[in-house]
Structures are given as C-alpha cells and as structure tokens.
> 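The structure follows.
Each chain gets a letter, A, B and so on, in the order its sequence line appears, and its residues count up from 1.
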2 protein chains.
Amino acid sequence: MTSLGEGEFALLDQSWHDAITPDAARRMLIAAAQAFADKGYHATTTRDIAARAGMSPAAVYIHYRSKEDLLFQISKVGHERSLKVLTAVQDPNPKDRMARTVAAFARWHAEFRTTARVVQYELGSLSPEHHAVVVELRRKIETHMRHIVEEGVRTEVFEAPDHKGAALAVLSLCIDVARWYRPDGKRTPEEIGNLYADLVLRMLTKP
Amino acid sequence: MTSLGEGEFALLDQSWHDAITPDAARRMLIAAAQAFADKGYHATTTRDIAARAGMSPAAVYIHYRSKEDLLFQISKVGHERSLKVLTAVQDPNPKDRMARTVAAFARWHAEFRTTARVVQYELGSLSPEHHAVVVELRRKIETHMRHIVEEGVRTEVFEAPDHKGAALAVLSLCIDVARWYRPDGKRTPEEIGNLYADLVLRMLTKP
DNA sequence: GGGCATACTAAGCGGTTGCTTAGGTTCTAA
DNA sequence: TTAGAACCTAAGCAACCGCTTAGTATGCCC
C-alpha cells in the first residue's frame with residue numbers, strides 16, 4: 001500500500017541491472033515488481049504496470065510475451081538471487097556459518113522486500129511450466145538449509161530432533177520478514193539480520 | 001491449488017456454525033474462504049464462489065452486500081478467532097504460558113489454514129474502513145504476545161534485548177505456518193504446535 | 001538520401017468482471 | 001385459501017480486462 005518511489009527504484013534498478021536489458025524492459029519489470037508487491041499479481045492490470053513505467057499499455061508486449069511472463073522473470077531471477085545469498089556464506093565453523101547465512105537471508109528479505117514479496121507470495125499465479133522451474137529452485141533452498149542444520153548436528157554443536165522441521169522453521173522465520181517488514185520501521189535490514197541470527201542460534205544450539 | 005472438499009468443509013462448517021447463519025449464508029462464506037485461500041481474493045470471481053456453494057451467481061448478493069463484504073466477514077471473524085486462541089491460555093508459570101500459547105497459535109494456523117491464509121494474506125484487499133477494524137485486532141494480538149514476553153523477562157526466566165522484536169519474531173514464526181502447511185504433509189497440526197513451542201522456549205529462555 | 005530494423009502509441013476487439021433487475025418458487029401463518 | 005416474507009434463478013448491463021493491430025517516429029548502415 002506504500003511506495004517510496006525514487007530511493008526504492010534506484011535500489012531495484014541497480015539490483016536488476018545485469019539481469020535485464022535494455023533499459024526500457026528493466027523499467028517495465030521494476031514497475032511490475034512494485035505493483036505486484038503492492039497489490040498482488042491479479043489486482044495489478046497491464047495498464048497499471050505501463051503507467052508506472054511511464055509508457056503506453058501496448059509497450060508491455062514489446063518486451064514481454066504476457067503479464068504472466070513478466071511475473072515469471074521477476075520470480076525466476078528473484079529466486080536465483082535469494083538462493084545465491086543463502087549459499088554465498090562459507091565458514092568452517094557450523095555456528096558461524098548458520099549465523100551468517102541467516103543474517104544474510106533475513107536481511108535480503110527486508111532490503112529487497114519488493115522482489116521478495118513477489119517471490120514468496122505469487123508463485124501460485126505462475127503457469128504450471130513456470131511454476132515447476134521455480135519449485136526446483138525452492139527445493140535447492142530447502143536442501144541447502146537442511147545441510148547446514150545437519151552439519152551442526154553432526155559436529156554436536158546443534159541439537160534438533162527433526163532436522164527438516166528445524167530447517168523449515170529457520171527458513172520460515174526469514175521468509176516471513178518480507179510480509180511484515182516496512183522500510184519506515186525502526187529496525188534496519190542489517191539489524192533484523194543480526195537479531196534473527198541470534199534467535200536462530202539460541203533455537204538450535206546444544207545447551 | 002489443492003482442496004480436500006468433504007473433510008475440510010465439515011471442519012469449517014462446524015467452526016463457522018455459531019458465527020454465521022442461515023445455512024446458505026454459511027455455505028457461501030465457506031465457499032468464498034476456500035476460494036480466497038486457494039487462489040487469492042482478486043483471482044476469485046463471484047461466479048466461482050457461487051459455483052462452489054452450488055448456487056447461482058446472484059445468490060451471493062442475497063446474503064452479502066459485495067464480494068469485499070464476504071472477505072471482511074471471513075477476515076473479521078477469523079481475526080477474532082485467532083485472538084481468542086492466543087489469549088485463552090492462562091498459566092502462572094511464564095514458560096508454560098508461552099509454550100502453551102505458541103502451541104495453540106501455531107496449531108490454529110495449521111488446522112484452520114484456509115481461514116488463516118485469508119486472515120494473513122488478504123488484508124490489503126479490504127476497504128479502508130474494514131482494514132482499520134482488522135488492524136485494531138492485529139494490534140491486540142501483538143500487544144498480548146509482547147506482554148507474555150515481558151512477563152518472562154521480568155521474572156528473569158526469559159532473556160530478550162528487544163521485547164517487541166522478539167514478540168514479533170514469535171508471532172511471525174507461527175503465522176508463516178499458514179503459508180507452508182499442507183494437510184497431506186507428515187506433521188499433524190498438534191505436532192507442529194509442540195515443535196514450535198519447544199523452538200520458541202529455546203529462543204527466549206535465559207541460559 | 002534510401003532502406004530497414006527497433007521502439008513506441010492510438011485505437012479497439014472479444015471476453016470477463018462485479019453487480020442489478022425482474023420474476024419465480026417455497027414456506028409459514030391467519 | 002391466501003397474503004406475504006424469505007430465498008433463489010435467468011438474463012443482462014456497464015465497465016474493465018489482457019492482448020492485438022495498424023501506423024508513426026527515430027536512429028543506423030550503405
């Protein structure tokens with residue numbers, strides 16, 4: 001329901017710069033992402049997207065096949081980004097690895113809340129073929145988190161009766177940041193990441 | 001995308017029995033709740049709701065002013081139910097109180113996933129007036145959880161540098177159950193409640 | 001300058017949307 | 001037996017949807 005405009009656009013424009021060209025196509029995609037995050041995919045019209053991008057309704061179809069294609073591009077690249085953020089951390093210490101991973105993943109869901117909301121809440125609107133592509137990326141995310149939990153349990157620093165359930169809960173906690181985070185709130189994305197890293201370590205660490 | 005039909009309908013019908021009469025109005029509301037939970041408010045048509053309830057499209061408007069009115073009834077009663085579940089637990093021991101509250105709240109979000117999804121993910125589709133009503137109920141939910149955290153911190157069984165942040169994280173964890181829970185999964189709502197109660201106590205308890 | 005690809009707009013088409021209207025059926029009670 | 005309330009349907013209206021078509025402006029190579 002809220003939009004920050006200038007500052008948020010600049011952040012997203014930079015974020016999508018290497019993935020989407022030319023400029024007009026990227027502007028259209030960012031406009032779509034903001035509209036989808038704000039009102040939801042089905043409540044957003046192609047005229048709405050075009051207006052946000054400062055172009056005519058027909059301009060959408062020069063760069064994209066359909067409204068659903070626009071959603072798929074955002075969802076696919078968004079999922080790839082969040083997977084990259086999750087897997088980027090490498091640390092020999094299981095506790096440090098978990099803490100840094102959770103901090104980065106939770107932070108991403110706050111900082112790139114616009115993209116994250118589309119990634120997490122609009123998968124049901126994808127076509128069956130596109131849905132399958134995205135589900136595969138989500139499977140990788142779950143597997144990776146489960147491995148971090150299991151590494152900690154194996155080295156006896158973590159304690160979890162249900163590895164998969166614990167991994168799911170950790171991911172769930174981070175993902176839900178995209179739902180409640182507001183850019184005008186008093187916690188910065190970095191602070192949220194640190195708070196969550198601390199909470200998760202408490203949750204998992206063997207006493 | 002999945003629907004269980006018979007069994008789920010019976011559960012919801014019983015759940016809404018005292019709040020919505022007559023029968024036809026309740027059938028319509030349950031049909032709407034299932035459709036909204038399944039596909040989202042904006043992707044659901046009034047013809048779709050009527051068909052699920054086994055009636056003609058015009059029948060919707062005998063019992064409800066508009067499609068948005070249907071959403072408001074579900075959202076309002078749903079919020080009241082989840083607040084009641086949260087506040088029902090009374091226990092002199094802060095740890096037991098938190099454990100039982102989290103277990104009940106998380107369990108509710110699994111068991112009544114259909115209602116919970118509408119409650120948690122469709123607030124943005126309410127009219128400004130109806131949105132305000134629901135936001136007030138949400139404020140009460142947050143306040144209540146913060147008080148439970150603060151009671152534990154005061155009696156020195158919990159440890160949390162940021163009371164409000166911790167309460168938000170606990171609620172967030174429970175709420176997100178509505179997103180990932182599947183009735184055909186291997187964990188029962190009760191098991192999820194117990195798992196989550198354990199995780200939250202570990203998160204908050206002073207070592 | 002001429003030929004041509006790229007990027008865009010104005011206008012609008014067929015289909016769907018939320019909702020209304022006019023009318024019919026069933027039930028209760030005097 | 002009949003008046004009237006409650007409940008439901010068939011048909012359809014105005015507005016809006018995603019998307020297409022026909023045509024225009026701009027830049028680039030020869």
> Using atom NZ of A:K39 as one end and atom C1' of D:dC16 as the other, report the distance to the nearest whole Å.
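Roughly 13 Å, once rounded to whole Å.
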> Roughly how many Å is it from OH in B:Y64 to P in D:dC7, rounded to a whole number?
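The distance from OH of B:Y64 to P of D:dC7 comes to 12 Å, rounded to the nearest Å.
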> Answer with yes or no whether the side chains of A:R138 and A:Q120 bring together a donor and an acceptor at under 3.5 Å.
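Indeed, the side chains of A:Q120 and A:R138 share at least one donor-acceptor pair under 3.5 Å.
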> Reading nucleotides 17-28 of chain D from the 5' end, what letters show protein touch, with B for base, S for backbone sugar-phosphate only, - for no heavy atom under 4.0 Å?
BBBB--------
> Stepwise, does the salt bridge (Lys or Arg N to Asp or Glu O under 4.0 Å) test hold for A:R107 with A:E111?
CA-CA 6 Å; A:R107 177 184 174 155; A:E111 195 155 23; 3.3 Å; yes
> Return the nearest nucleotide to the side chain of B:H63; candidates are C:dT9, D:dC8, D:dC7.
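So the nucleotide nearest the side chain must be D:dC8.
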> Over 60° means perpendicular and under 30° means parallel, so tell me whether B:H130 and B:F72 are parallel, tilted or perpendicular.
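Geometry flag for B:F72 against B:H130: parallel rings.
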> Test of understanding: with salt bridge (Lys or Arg N to Asp or Glu O under 4.0 Å), list the residues that count as partners of B:K76, not counting sequence neighbours.
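If we apply the salt bridge (Lys or Arg N to Asp or Glu O under 4.0 Å) test to B:K76, skipping adjacent residues, the hits are B:E80.
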> Going by ring-ring contact (aromatic ring centres under 6.0 Å, His included), name the pairs with one or both residues in residues 34-54 of chain B, residues two or more places apart or in two chains.
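Sorted result for residues 34-54 of chain B: B:F36-B:Y41.
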> Could you state the CE-C1' distance from A:M55 to C:dC8, rounded to the nearest angstrom?
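Rounding to the nearest Å, CE of A:M55 and C1' of C:dC8 are 9 Å apart.
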> Would you mind reading off the distance between B:M28 atom CE and C:dG18 atom P, rounded to a whole angstrom?
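Nearest whole value for this atom pair: 13 Å.
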> Starting from P on C:dT9, measure out to CD1 on A:I62 and report it in whole angstrom.
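Value for this atom pair: 7 Å.
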> Around atom CD of B:E136, are there more than 12 heavy atoms of other residues, nucleotides or ligands at under 6.0 Å?
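Enclosed.
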